[in-house]
Structure formats: structure tokens, C-alpha cells
Amino acid sequence: MAQTISWNPESYAKNARFVADLGEPLLQLLDPKPLEIILDLGCGDGALTEKIVAAGCIVYGCDSSLAQIQAARRRGINTFVTDGQQLALRPRFDAVFTNAALHWMKHAEKVIEGVATALKSQGRFVGEFGGRGNVETIRQALHASLRKRGIDPWSVDPWYYAAPAEYTEILKRHGFTVDTIELIPRPTKLPGDIRGWLDVFAQPFIKAVTEVSREIFLAEIRNELESVLRQPDGTWIADYVRLRFKAIKNEPGLRS
Ligand code: BEZ
């Protein structure tokens, strides 16, 4: 059965601040203009949302995690809690922006349908998330360790990593014209040990194992990954691959 993630803003800030820090190219692709109305879908603790606010836009952040939304509110951001797969918004947004969130949403059709409804005609959908092959080394290690314990890893794997052609098709089906879409390998230096990353991001896999076995499970995965991802200087580099895109909502009646 699918397990949910408990986002802890403190732990996220310690182990995953780089997620927002690496968002600059995506902000450039968004190219926010003063007074534009922008939705940040899956805004997390609002670290990147703040930069869109700083560009003079009217920004709303949404996320499924109440803890993250509360952290974003502490930054003074307008926020609401919602599942991105169940957006129900009127067409008032000039742009929908999303960074490092869509790979947690397996129902891509539902996400894009909701985004299309939220955008004004000619509005833009600009995003980046884990693309096909993202953190494949880590995923393989997690899967192998669960399989060894007789657990089907796909029953708990929470990630959706799309390929460009597949995502383009879905966007087109929902009335978008794709301006740009590309898969970008981005080996990423982690701020600490892979254990910290696993504690934040691999919770559904960890929770599939009985509580008493979890330390051994994690040690096994760390050991498996060490020879591939740990560098001679002791730092860890994760094999991130991003899917970055910009799509424009067609005018009514126009098919892409
Ligand atoms: C990502 O940003 O690609 C990502 C982060 C954590 C888990 C999986 C993917």
C-alpha cells in the first residue's frame, strides 16, 4: 500500500536546501513580471516562492503538507493546503510554477488538467521535476533491499519520473503547446551523508520495513551506494535527472 511522506521543515532545510538553491534556471524560464498572478504548485517551505514574490508578483503557494505550508506562511507567503492532483481553481493565474514537486504526484493527467483550468488563456506552465532515470542508483538499491525482504517495491515507490515525449503528449492532450521540454542530467552534491537524504525522501520505502529492521535496512542501502555515489573526499553525489519544461495554454478552440 502507498505510504505518505511526513515533511519536517527543519529536517528538510538541513538536508534539502539545495532543492530551492538550484532553482535559479527555472526562475529564469518563468521570467516573472511585476503584478502577475502566479501559483507555486508544491511550494514546500516557500524558499523559492519567496523569490517570485521578490519579483513583484502576486503569489499563492500550495502544498499537500500542512507543516510545509506553515513554514511558508512564516515567510509571509499566501498559501493553502491542497493535493496538486485535485486542484479546483478558477482561471485567474498568469502562470503556474512548480519545482521538485511533480515527481510525488503519480496522477500526471489530473495535475495537468487542474493546472489547465487554473490558467488564463495563454498562461504558462513552467516546471521542473525528476525526469526518467532520476536517482536511479538510489532507487535500484531501495528496490533490491525491499525485494530481498519479500516486499514488492513498486507497491510503495512514490515517484513518477516522466520522459519528455510522454509528458509532452499529456500536456498537448490538455490544451497546451509545449515551448520547451528537456531532460537534464544533474549530478547533485548532497549537503551531508546519504542517510540524511534517505531519512527525508525515502520514507515510504523505510516504512515498508518493520521498525526493528529499519536501521539494518538503511545501513545495507548506504553500504550498497557508497562505492558508487561517495566521492574520494567523502562527499555524496546523487544521480539527479531533471525534466524541465515550459508550456503555454492554448486559446479556446485552438488545438496544438
Ligand atoms: C528530486 O528532486 O528529484 C527528488 C527528490 C527526492 C526524492 C526523489 C526525487
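All ligand and atom numbering here is 1-based and tracks the order in the structure. If you read the sequence from its start, that first residue is 1, and numbering goes on from there.
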Which residue and heavy atom of the protein sit nearest atom 1 (C) of ligand 1, plus the separation: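 Going by distance alone, atom 1 (C) of ligand 1 is nearest to His103 CE1, 3.1 Å.
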Aromatic plane relationship, Phe176 with Phe125 - under 30° parallel, 30 to 60° tilted, over 60° perpendicular: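 Geometry flag for Phe176 against Phe125: tilted rings.
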Phe205-Trp159 aromatic ring centre distance below 6.0 Å: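 Close enough - the centres of the two rings lie under 6.0 Å apart.
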Whether Ser155 side chain and Asp152 backbone form a donor-acceptor pair below 3.5 Å: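 Pair found, side chain donor or acceptor close to backbone of Asp152.
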Atoms in ligand 1 flagged as close to [X], the criterion being non-hydrogen separation under 4.0 Å:
X      : answer
Tyr161 : 8 (C), 9 (C)
Trp159 : 7 (C), 8 (C)
Trp197 : 6 (C), 7 (C)

Lys/Arg-Asp/Glu bridge criterion (N-O < 4.0 Å) met for Asp193, Arg230: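 Not counted as a salt bridge, because no side-chain N and carboxylate O are separated by less than 4.0 Å.
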Salt bridge Arg173-Glu113, side-chain N to carboxylate O under 4.0 Å: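 Looking at Arg173 and Glu113, the cut-off is not met.
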Pair Val111-Leu41, side chain to side chain contact (heavy atoms under 4.5 Å, CB included): steps then yes or no: CA-CA 10 Å; Val111 174; Leu41 170 58; 4.0 Å; yes
Tyr240-ligand 1 polar pair, N/O distance under 3.5 Å: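 No, there is no polar N/O contact under 3.5 Å.
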Sub-4.0 Å heavy-atom contact, Phe129 with ligand 1: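 No; Phe129 lies far enough from ligand 1 that no heavy-atom distance drops under 4.0 Å.
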Residue portion contacting ligand 1 (non-hydrogen atoms closer than 4.0 Å) for Tyr160: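 No part of Tyr160 is near ligand 1 at this cut-off.
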